[in-house]
> 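Below: one structure in structure tokens.
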Amino acid sequence: MKGKTIKDILSSTEENIEVEVRGWVRNRRGSKNVAFIALNDGSTINSIQVVVDFASINESVMEGITVGAALLVRGKLVKSQGGQQNFEVAAYQVIILGLADAEKYPIQPKKHSLEFLRENAHLRFRTNTFGAIFRIRHKVIFAIHNYFNNNGFCNIHTPIITASDAEGAGEMFRVTTLSDTNPPLNDEGKVNYKDDFFGRPTNLTVSGQLEAELAALALGKVYTFGPTFRAENSNTTRHLAEFWMIEPEVAFNDLNDNMDLAEEMLKYVINYVLENCKDDLDFLSKRQEEEEKGKKEEDRSMELIKKLQFVANNDFVRLTYTEAIEILKNSNPNKKKKFDYIIESWGADLQSEHERYLVEKHFKKPVILIDYPKDIKAFYMRANDDNKTVRAMDILFPGIGEIVGGSQREERLDILLQKMHEMNIPEKEMYWYIDTRRFGSVPHSGYGLGFERLMLFVTGMTNIRDVIPFPRFPKSAEF
RNA sequence: UCCUCCUUAGCUCAGUUGGUUAGAGCAUCUGACUGUUAAUCAGAGGGUCCUAAGUUCAAGUCUUAGAGGAGGAGCCA
């Protein structure tokens, strides 16, 4: 971008200097002789005030200065006479770079509903809210890479197209170049995938974990940060068909090391955002407060920045599934049958109402649940000696639910093979995974962190479709 | 996929028991105003009441079906 950004200029200590700013008109006010333009270039949530004297600027130019128009302004940076900003630009030249028809431009200087902006996702970047969200999104991405880099991790790009469908993490999107009206058929009359691009059925990845394990068992500490695809018909505020996932995998780590890593990493990222996104967080905090005005006091969330500081400065609660079941069994909502799913016995899968009770009512802080019954978890999780539970861990966050799912992996060849057999995982196809247990197997652990769920927590937004630029979900792939 | 709710002006929404020409705020346009802060003041324009069928003398309002959206649930990150 040419010249100084508005962020740079607003933090200037000099005055009466010549400046050149480029940006988009957020608002325009005026009186008989003078117009005030709020100009924003995306470098910061704050707009710069441009003051235009009608006498010095051509009338046709003045007519083009409407909300949404792109301008180049040359002028002098001066102390503002108005109260709400330190500096403003006294313009002597305004060039319209791009007009915006005021009658047709959908974004107005007023509050828009998130639903409306979601339908105008191509233009919502130009609002304060989404500007703040996507600047923060970048900082969170950067902080994650920073954390792993600082700690000796190696970033691995695991495949996006995969032939393996054994992860069991959900429905997959098929990838094919075969004709959809007239595919080649085999002798049995079924689609002949031998003629497909890869010579076999392929899908978009639902997880890079299995491949990350291969890398970890040589490079030691690795992580993935890539797109992930689930073809589930999920219509909720916390699911996407295309989302980004971070999956660290560490050789020689046991479950305790795994919990330490996840907790330390999350706290690092939150602190990084607190230190580097203050203006945007302040704005989102006020926005949330505004949004929740209509709610009863007990239903309102903790102030955004306080909430982030609280999580960064307090230890997460760690407890076993068995302990959680005991707490839930004896809880008021369970006794009074307020839960839709009453907890009766050990072995029950926890519903989101139970997770919310533990995190939001009982402990009031993030909770790491470990040692789940083996029957409700994946084949690769390490069996405990009790033969009933596995070394799984789920991190539950207030307002979001499960943000991390991970485990210590089963490194013992015989037990892994037995588990795969029990759960109908095709051993032949998975030879490459099994090989790691055959040759120099060691204990290792890892987890998957849902990037957009972390974004929900950090921004205080409540719908996952608002923290990714162009959300993909059932019946929607617009833009 | 299931449950609940919603769909009226560019946006956010009101519209009583079914009853004349469907309203408001903001936005837009026009004008006023000596520096505004989502400026203010005055005026104007702007409607396929989501779509289709039905009930009725009469439907924005009632019924049925469909489409789209939101929230919750399940699946999960």
Side-chain angles (χ1 to χ4, degrees), chain A residues 26-38 46-55 63 66-68 78-85 88 90 100-120 127-128 167-171 206-209 226-247 262 290 339-341 349-356 376-378 394-397 400-406 447-457 462-466 468 473-476 478:
Chain A
R26 283 295 176 78
N27 195 5
R28 177 189 163 169
R29 300 174 288 274
S31 63
K32 198 175 186 180
N33 303 317
V34 69
F36 301 93
I37 302 157
N46 301 305
S47 296
I48 198 162
Q49 172 154 289
V50 175
V51 186
V52 180
D53 197 323
F54 280 54
E63 277 171 15
T66 57
V67 173
V78 296
K79 268 244 153 64
S80 179
Q81 295 170 36
Q84 297 191 12
Q85 57 278 319
E88 64 191 19
D101 186 340
E103 303 243 27
K104 290 179 185 148
Y105 185 59
I107 309 297
Q108 299 161 8
K110 57 165 283 189
K111 208 161 215 147
H112 286 290
S113 67
L114 293 171
E115 289 87 349
F116 173 75
L117 292 171
R118 223 169 276 152
E119 284 165 16
N120 290 279
T127 63
N128 285 331
E167 284 97 337
E171 292 297 311
V206 292
S207 164
Q209 179 203 316
T228 310
F229 307 89
R230 305 268 167 96
E232 300 286 352
N233 190 9
S234 296
N235 292 287
T236 79
T237 52
R238 26 174 223 294
H239 289 88
L240 290 165
E242 176 184 286
F243 64 100
W244 292 72
M245 188 154 63
I246 298 104
E247 297 178 286
E290 204 63 29
F339 283 143
D340 288 336
Y341 297 85
D349 209 347
L350 299 184
Q351 307 296 321
S352 40
E353 57 181 347
H354 306 130
E355 297 178 350
R356 274 210 311 277
I376 58 174
K377 289 290 180 186
D394 282 1
I395 303 186
L396 311 175
F397 262 35
I400 288 140
E402 188 179 344
I403 197 167
V404 164
Y447 60 85
L449 165 66
F451 178 68
E452 282 77 16
R453 290 195 180 169
L454 178 58
M455 280 296 299
L456 283 179
F457 183 75
T462 52
N463 191 322
I464 202 159
R465 297 169 187 178
D466 294 332
I468 188 167
F473 50 94
K475 301 277 180 294
S476 180
E478 191 70 38

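Residue numbering restarts at 1 for every chain, and letters A, B, ... go by the order of the sequence lines.
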> May I ask you to say whether Asp349(A) pairs ionically with Lys377(A), meaning some side-chain N is under 4.0 Å from a carboxylate O?
no
> Would you please determine if the base of rA77(B) is stacked by Phe243(A), with stacking meaning a centroid separation under 5.5 angstrom and planes under 30 degrees?
yes
> Just call it for Gly448(A): base, sugar-phosphate, or nothing, with non-hydrogen atoms closer than 4.0 Å on any strand.
sugar-phosphate
> Determine whether the side chains of Asn128(A) and Arg26(A) contain a donor N or O and an acceptor N or O closer than 3.5 Å.
yes
> Please work out the stems of RNA chain B from pairs that are Watson-Crick or G-U wobble with both distances under 3.5 Å, keeping only runs of three or more consecutive pairs.
B:1-7 with B:67-73, B:10-13 with B:23-26, B:28-32 with B:40-44, B:50-54 with B:62-66
> Pick base, sugar-phosphate or nothing for Gln81(A), based on heavy-atom distances below 4.0 Å to the nucleic acid.
base
> Are Arg29(A) and Gln49(A) linked by a side-chain donor-acceptor pair shorter than 3.5 Å?
yes
> Does rG72(B) have its OP1 or OP2 closer than 4.0 Å to a side-chain nitrogen or oxygen of Thr237(A)?
yes
> Please confirm whether the ring centroid of Phe339(A) lies under 6.0 Å from the ring centroid of His354(A).
yes
> Ignoring backbone atoms, establish whether Ser352(A) has a side-chain N or O less than 4.0 Å from OP1 or OP2 of rA73(B).
yes
> If the cut-off is 4.0 Å, is Arg29(A) near the phosphate of rA39(B), judged by side-chain N/O to OP1 or OP2?
yes
> Where each residue is assigned the nucleotide of RNA chain B containing its nearest heavy atom, which of Arg28(A) and Gln351(A) is assigned the position nearer the 5′ end?
Arg28(A)
> Does the side chain of Gln49(A) get closer than 4.0 angstrom to OP1 or OP2 of rA38(B) through an N or O atom?
no
> Return all side-chain donor-acceptor pairs below 3.5 angstrom for residues 103-110 of chain A, not counting sequence neighbours, or 'none' if the list is empty.
none

